Amino acid sequence: MTKIITWNVNSVHTRLPRLVALLARHQPDLVCLQEIKTTAEAFPASEVAAAGYQAVVHGQASRNGVAVLARVPVTDVVRGFAGDPVPEQARVLSVTADGLRVVCVYVVNGKEVSAPEYELKLRWLDAFTAWLRESHRPTDPLIVAGDFNITPDDRDVYAPDVWRGRNLASEPERARIRGLLDWGLTDLGRLNNEGPGPFTFWDYRAGAFHRGWGLRIDLALATAPVAARCTSVTVDRDERKPTFGEGKPSDHAPLIVSLRE
DNA sequence: ATGTCACTTTACAAGTGA
């Protein structure tokens, strides 16, 4: 297992041509997808299989939904997590591949700090962290990858002064990320990269991409044995360009993690 | 910050969530 990609596709149906092209372009061993916005029954499994990948899906109609695509054998599939305050929302999917435990995650967005959704986001993060700590060990080979909907610190925001205290950049959210790191996870995107960025998300509105208004909210967090194997972490920024490939882009770009054998 | 996108409904526009 040498290459893992995480990508919030914002509808796997709409993004299918670009997803198939991504698989051909990067030849990843495993892909974590978020916001597939469909059920397991409706997932385009045959198209993905034609590209050489098995699809493991934790789906939900219309909203949320996560999936793992793998060209290597996958075992011990777990959908969701014990203690989830909103188990009807499909946000977490865990698999084991080539001795590595992979947790694909789509964190609650939170909307804005004054919203009830923000309180849910913090509660959800606490429950997720508690489950992770109870069910895993920091000495195990583990990677938690996905859309965290949190910028870990000011280096992850194009305009920290504008964003300070707001949803995606507020201190309580960032404290939850630090909680995961304190337990024993390393932010692979910050290995040998002091930033700013690289950003992984640009809002569709206001021409954010062309103005450089990006955020780093898609993360790969890993335990020490995995971090020691990490050789590179890159963002496929081209994938966010409206003129790149077939169809429209997602508002997120894929994050590509390479590991030594 | 807001020049969009994808989804749904009782659908040919408007609301929701991101």
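Quick caveat: nothing in here was measured; it's all calculated off a predicted structure. Here is how names work: the chains are called A, B, and so on, in the same order as the sequence lines, proteins then strands, and each is numbered from 1.
- B:dA18 atom C1' lies 18 Å from atom CZ of A:F148, rounded to whole Å.
- Nucleotides B:dG17 and B:dC12 are separated by 23 Å at their C1' atoms, to the nearest Å.
- Judged by distance alone, the side chains of A:H26 and A:D236 do bring a donor and an acceptor atom under 3.5 Å apart.
- Remark: of the listed residues A:D187, A:D154, A:D147, A:D153, A:D187 is the sole one forming a salt bridge (charged side-chain N to carboxylate O under 4.0 Å, His left out) with A:R216.
- Between the CD atom of A:E35 and the P atom of B:dG17 there is a distance of 13 Å, given to the nearest Å.
- Checking A:Y158 against A:W202 by side-chain atom types alone, no donor-acceptor pair falls below 3.5 Å.
- In this structure, A:F201 atom CZ and B:dG17 atom C1' are separated by 12 Å, rounded to whole Å.
- Rounded to whole Å, the separation between the P atoms of B:dA6 and B:dA11 comes to 23 Å.
- Separating the CG atom of A:L215 from the C1' atom of B:dT2 is a distance of 13 Å, rounded to the nearest angstrom.
- Using modelled atom types and a 3.5 Å distance limit, the side chains of A:D203 and A:W213 yield no donor-acceptor pair.
- A:Y106 comes within contact range of the sugar-phosphate backbone alone, with a heavy-atom separation under 4.0 Å but no base atom that close.
- Using P as the reference atom, B:dT10 and B:dG15 are 14 Å apart when rounded to the nearest Å.
- The distance between atom CD of A:Q60 and atom C1' of B:dG17, rounded to the nearest whole Å, is 12 Å.
- A side-chain N or O of A:N10 and one of A:K37 form a donor-acceptor pair less than 3.5 Å apart.
- One side chain, A:R101 or A:T96, offers a donor N or O that lies under 3.5 Å from an acceptor on the other.
- Here, B:dC7 and B:dT2 have their P atoms 26 Å apart, quoted to the whole Å.
- Comparing A:G207 and A:E117, the nucleotide of DNA chain B nearest to each residue sits closer to the 5' end for A:G207.
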All N/O contacts under 3.5 Å from nucleotides 6-16 of chain B to the protein, with atom names and distances to one decimal?
{"residue": "B:dA6", "atom": "OP1", "partner": "A:R15", "partner atom": "NH1", "Å": "3.2"}
{"residue": "B:dA6", "atom": "OP1", "partner": "A:R15", "partner atom": "NH2", "Å": "3.2"}
{"residue": "B:dC7", "atom": "OP1", "partner": "A:S11", "partner atom": "OG", "Å": "2.5"}
{"residue": "B:dC7", "atom": "O3'", "partner": "A:S62", "partner atom": "OG", "Å": "3.4"}
{"residue": "B:dT8", "atom": "OP1", "partner": "A:S62", "partner atom": "OG", "Å": "2.7"}

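- Separating the CG atom of A:D147 from the C1' atom of B:dG17 is a distance of 13 Å, rounded to the nearest angstrom.
- Between the CG atom of A:N8 and the C1' atom of B:dG17 there is a distance of 12 Å, given to the nearest Å.
- Checked by atom type, the side-chain pair A:T6/A:Q34 shows a donor-acceptor distance below 3.5 Å.
- Rounded to whole Å, the distance from CG on A:N167 to P on B:dG17 is 14 Å.
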